[in-house]
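Heads up, the thing below is written out as structure tokens.
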Protein chains: 2
Amino acid sequence: MKFVPPKCENCSIKNDSLFCLCQQEEVQHVSQVKTCNIYRKGQIVFHENAMPIGLYCIYEGSVKISKLNSNGREQIMRIAAPGDFLGYRSLVAHRPYSDTAIAIEDTTICLVPKSEFFNLMQNNKKFYEALLQKICRDADEMENKLSNIAYKPVRGRIAEALLILAGKNAHEGKEAKLQPYINLTREDLASLVGTVKETAIRTISEFKDENLIAIDKRRIRILNFDKLMHISNLYD
Amino acid sequence: MKFVPPKCENCSIKNDSLFCLCQQEEVQHVSQVKTCNIYRKGQIVFHENAMPIGLYCIYEGSVKISKLNSNGREQIMRIAAPGDFLGYRSLVAHRPYSDTAIAIEDTTICLVPKSEFFNLMQNNKKFYEALLQKICRDADEMENKLSNIAYKPVRGRIAEALLILAGKNAHEGKEAKLQPYINLTREDLASLVGTVKETAIRTISEFKDENLIAIDKRRIRILNFDKLMHISNLYD
DNA sequence: CGCTACATTGAATCGAGTCAACACGCGTGG
DNA sequence: CCACGCGTGTTGACTCGATTCAATGTAGCG
């Protein structure tokens, strides 16, 4: 679905993205060659094994990056929010996507063509290095997540996930903007921490009973960050 | 402990490493500025949170790259073999190590100083790109491992780990050299797949009973690759 | 209004972790 | 040369967190 987007140079989330490292004229050029789409809730942005055609940049909404295993179960790697790039790793490595990206609400996403992306990489050293460092940081986060799933009980993993989701949009150096509430299905939340819907629900109920979170209209709002933080660091 | 190593240009595992992308004179220069150490079994090569001082390249032996969680439990991320580089991600990102590297047998490792490494990165585009792609691939592998630990039962994870360990030294495009046998402690094997010693041992015994592997002197030799492959792809 | 997607709760089951005891092999020192 | 200790491997019994299965509730929407 087509959509008339703002110009990149005026884009409200430009400074939340890596584009904040680009020159005015670079951003203007990106703006000219980009395309912009609305993806409805549940719609696929790109699919595992497909070859990348460009760099996706989320303008509004959110996207889950996940992997389907041969069991048919979904493992969500991360939730991407406005200002986040998608698929840069596959793009940089000239490889097919290793994950699938699916909109979890109606989401507006811009697509910067591959060629333009590589132009930026080659001509803007800062941009290149920031990207490289982002990739390294991604790998580190993945390692942490791995270690967590292996050893941290579900209760701690859910607590951690809630904190991370609430603290979305924390970008390089900038203070995290806190989201007022978390709006993921229980199923997605479960898949994000590597468990099943029912277990996630039970844990959430516990948290509610303990007054750590509030639930209105299925959406989760965090009441007690400190306590959740503590639970998230407990190992049994 | 000091050790007189071969010159890099004559090093037998040069072509198993990313140095195969370097010019003769580049390799010679690396050889002049590198230092070489023997690490005894159990000795730490570098420690989580320390700042990198250079690039480690394994000449002989093997090293486990792991993370200690606050629970005191170790999660092994990967086992590195001759020709593998260590710590490049932290080096590239100018960040402290996110893991600890420990020799799991007596191991000879060369250290290329940071400055020399960055020289190579800047002057040799091929080397740079190969490194970048390696980092991307690492992240992909980590994702797979994550998804596995979340959903694959221990039996499948052990089967997979055995296959990977047996197929070490598979480098870009080259055919994997098969290791005759796997020589990890049960504890390390357990930590690699995210379980405990006892469970790993039980699974290994099962495999032995099913004639999928043989054990002599504690070391594991794979007898039936296909069947193990099949088990590794089973999800319950 | 009724369909559909999502959320919730209970009961039964099971995979895997924990605890404890013991076996084996190897190197050191008496 | 043997005894001892230590690191590692092995096995059994018990426990428990988490998944599975099944039934039911609730909200939003055409």
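Letters A, B, ... mirror the listed sequences (proteins, then strands); counts begin at 1. Here the structure is a predicted model, which means the values were calculated and not measured.
Side-chain to base pairing of B:Arg202 with C:dT18: one donor and one acceptor N or O lie within less than 3.5 Å of each other. Below the 3.5 angstrom threshold, one finds no donor paired with an acceptor across the side chain of A:Glu187 and the base of C:dC6.
Rounded to whole Å, the distance from CD1 on A:Ile104 to C1' on C:dA5 is 16 Å. To the nearest angstrom, P of D:dT10 lies 6 Å from CD1 of B:Ile215. The distance from atom CD1 of A:Ile201 to atom C1' of C:dC6 is 8 Å, rounded to the nearest whole Å. What separates CD of B:Glu206 from P of D:dT11 is a distance of 11 Å, to the nearest Å. Between A:Lys217 atom NZ and C:dC6 atom C1' the separation is 14 Å, expressed in whole Å. Put simply, CZ on B:Arg218 is 11 Å from C1' on D:dT10, counting in whole angstrom units.
Taking for each of A:Glu198 and A:Val154 the nucleotide of DNA chain D with the nearest heavy atom, the 5'-most of the two is the partner of A:Val154.
With 3.5 Å as the limit, one finds no donor-acceptor pair spanning the side chains of B:Ser147 and A:Asn69. Side-chain contact check for A:Asn148 and A:Glu160: at least one donor-acceptor pair (N or O, by modelled atom type) lies under 3.5 Å.
Judged by distance alone, the side chain of A:Lys14 and the main-chain N or O of A:Phe19 form no donor-acceptor pair under 3.5 Å.
For B:Thr199, no side-chain nitrogen or oxygen approaches OP1 or OP2 of C:dA16 to under 4.0 Å. Side-chain nitrogen and oxygen atoms of B:Lys197 include none within less than 4.0 Å of the OP1 or OP2 phosphate oxygen of C:dG17.
Of the charged side-chain nitrogens involved, none lies within less than 4.0 Å of a carboxylate oxygen, so that A:Arg78 and A:Asp138 do not count as a salt-bridged pair.
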